[in-house]
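Presented below is the structure to which this report refers.
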Amino acid sequence: DARVTQTPRHKVTEMGQEVTMRCQPILGHNTVFWYRQTMMQGLELLAYFRNRAPLDDSGMPKDRFSAEMPDATLATLKIQPSEPRDSAVYFCASGFLYGFGANVLTFGAGSRLTVL
Amino acid sequence: KQEVTQIPAALSVPEGENLVLNCSFTDSAIYNLQWFRQDPGKGLTSLLLIQSSQREQTSGRLNASLDKSSGRSTLYIAASQPGDSATYLCAVGGGSQGNLIFGKGTKLSVKP
């Protein structure tokens with residue numbers, strides 16, 4: 001089965017450190033999403049790409065978060081500097097966008113980030 | 001701004017019961033609605049996708065309905081099994097780019 005691969009699965013770091021999370025989307029998919037999941041907020045959309053172009057990153061704190069797709073096989077989400085409130089599970093999802101917004105997403109297993 | 005609400009937040013039922021999970025959304029101008037399942041410590045698995053022009057979708061013991069005008073969807077699970085225990089999330093597709101707005105989920109526990 002094709003799958004979305006995320007690394008690292010778990011990351012513990014100290015406040016102020018840089019964190020980079022990586023995602024390998026499914027080959028052939030044309031959309032990539034980054035979500036953050038916390039108990040309080042649930043799943044929040046951070047950023048998404050279509051054909052590698054960033055479409056919307058309004059969900060991200062711009063001063064510390066950045067998302068890129070350097071090529072079709074890699075999406076990255078970077079936090080610099082990290083803060084304890086960034087502790088969450090970060091999910092990457094990829095899909096193929098059909099007409100009228102139909103987009104069945106496949107989610108990765110997530111990267112659990114703990115910032116001390 | 002679209003808001004998605006799922007009630008109840010948690011549900012516990014004995015094995016074999018039929019059950020209904022509810023999802024409501026504030027803006028009826030949606031492209032589609034999806035139901036996902038999330039197991040502890042895992043990612044999300046797509047269960048059913050309903051296009052805005054459709055009223056329901058079925059997959060095995062699962063049936064999802066959509067009433068756009070009232071801003072509601074239900075997920076019906078027939079003959080529940082312990083293996084159905086998971087968190088079920090409803091997500092609304094509100095943009096042409098396929099982005100999804102999620103509810104906070106209903107945590108289902110099916111007791112043997």
Counting only non-hydrogen atoms closer than 4.5 Å, does Q6(A) touch chain B with its backbone (N, CA, C, O), its side chain (CB onward), both, or neither? neither
Does the pair S52(B) and Y31(B) meet the rule for a side-chain contact (heavy atoms from CB on, under 4.5 Å), with working shown? CA-CA 5 Å; S52(B) 61; Y31(B) 281 75; 5.5 Å; no
Mind checking whether F102(B) and F107(A) have parallel, tilted or perpendicular rings, split at 30° and 60°? perpendicular
Please check this pair: side chain of S109(B) against backbone of S85(B), looking for a donor-acceptor N/O pair closer than 3.5 Å. no
Is the number of heavy atoms from other residues, nucleotides or ligands within 6.0 Å of CD (Q80(A)) greater than 12? yes
Could you look at L45(A) and say if it's the side chain, the backbone, both or neither that has a heavy atom under 4.5 Å from chain B? side chain
Shorter than 4.5 Å, heavy atoms on both sides: which option in E44(A), Q37(A), M39(A) has the most such pairs with chain B? Q37(A)
Out of V4(A), V89(A), D56(A), L105(A), which one racks up the most heavy-atom pairs below 4.5 Å with chain B? L105(A)
Which one, G41(B), G105(B), G43(B), leads in non-hydrogen pairs under 4.5 Å with chain A? G43(B)
Turns out that what part of L100(B) lies under 4.5 Å from chain A's heavy atoms comes down to both
Got more than 12 heavy atoms from elsewhere within 6.0 Å of CZ, R112(A)? no
